[in-house]
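Here the structure comes first, spelled out in structure tokens, and everything after it is commentary.
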Amino acid sequence: MDRHIPVLLQESTEGLALKEGSVVFEGTVGLGGHSRVLCEKIGKSGLFIGTDADLESLKIAEERLKDLPCKKLFICDNFRNIDAVLKNAGAEKVDAILLDIGLSNRQLEVAPRGFSFMRDEPLLMTFRSSGDGLTAREIVNEWAEESIADIIYGYGEERYARRIARGIVEARNEKPIETSGQLAEIVKQSVPKRFGKINPATKTFQALRIAVNDELGALREGIAKGFEHLAPGGRMAVISFHSLEDRIVKEFFRQKKEEGIATLFAKKPIVPDNAEIKENPKSRSAKLRIIIKN
Ligand SMILES: C[S@@+](CC[C@H](N)C(=O)[O-])C[C@H]1O[C@@H](n2cnc3c(N)ncnc32)[C@H](O)[C@@H]1O
């Protein structure tokens, strides 16, 4: 289903303090859930510049938002290139930036790109719908065992990383690992039997996805460049979904505050309330942080 329930929708869009005529950059348009509210807030005289690495999602969002009157630019690009995107758009400074990182439900459940261990799909894990560049297939079939283990440990915080990497290498010596289903089974066979709700492949899949898309590198670059392009009084909101990402955002925001060039919207991250978690359990790990440029 091409549906994605936007996370912390009210908190993030209100926290950006948009006005009629504001210029807003959204790096992760996805299916346009947040974009709709942002566009409504900036009205007819506002400018919305939205990027997503996934062209298919971006096209869906563009179609869904066509009734909104603000000026809209949809650009298929990585938000880490925000400087070039804004330059091309002729908008040096923006009033607000929103990043809702990670992947959408559509990418998890509809686009056959191997993000889910619940399905048997080609092992790509790219946000890009084009299929070029690094894929998870390349990592598991071609990288050294130690490098695979380092990724699974570093980005997945998986305690059985070395065993899983060994299992992957043994399996690929038999035949190439082509699908998400095959990989999920290899992980399951490599770790001690666990009880509980979490699938044993969860952390490995998360780690590969982060590596394939260089998610942490993109986040670091995107927020640093984004902050430079904020107008005085401008705000940047970032919604992240795991501790590695949140740590990067928290640290960067703290640094800007210490330099005396920014104010934090709130000391603690804003998290979904019980009602939101009940309606959308996937929101449970979300953390929102907002910074205001002085
Ligand atoms: C959680 S979804 C966004 C959902 C959106 N807020 C909505 O309500 O529909 C994250 C989106 O960000 C995109 N994305 C993640 N990292 C990206 C990056 N570095 N550059 C561009 N797009 C990225 C993904 O392709 C995905 O579509």
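Whatever order the structure lists them in is the order used to number ligands and atoms, beginning at 1.
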For ligand 1, which is the ligand I care about here, please tell me if Leu103 has any N or O atom under 3.5 Å from one of the ligand's N or O atoms.
no
Non-hydrogen atom of His4 closer than 4.0 Å to ligand 1
yes
Does NZ in Lys225 sit with more than 12 non-hydrogen atoms of other residues, nucleotides or ligands closer than 6.0 Å?
yes
Would you mind telling me if ligand 1 is within reach of the side chain of Ala53, the backbone, both or neither, using heavy atoms under 4.0 Å?
both
Nearest 0.5 Å, what's the CZ-NZ distance between Arg254 and Lys267?
14.0 Å
Between His34 and ligand 1, is there a nitrogen or oxygen pair with a distance under 3.5 Å?
yes
Could you establish whether Ile101 and ligand 1 come within less than 4.0 Å of each other, counting only heavy atoms on the residue side?
yes
Using the rule side chain to side chain contact (heavy atoms under 4.5 Å, CB included), only one of Ile151, Thr202, Ile152 pairs with Glu158; which is it?
Ile152
Could you identify the single nearest non-hydrogen protein atom to atom 5 (C) of ligand 1 and state the distance to 0.1 Å?
Val29 O, 3.4 Å
Nearest protein heavy atom with distance in Å, relative to atom 11 (C) of ligand 1
Asp52 OD2, 3.4 Å
So is Leu98 in contact with ligand 1, going by heavy-atom distances below 4.0 Å?
no
Counting heavy atoms only, which of Asn78, Asn213, Leu99 is nearest atom 19 (N) of ligand 1?
Asn78
Please state whether Gln107 comes within less than 4.0 angstrom of ligand 1, counting heavy atoms only.
yes
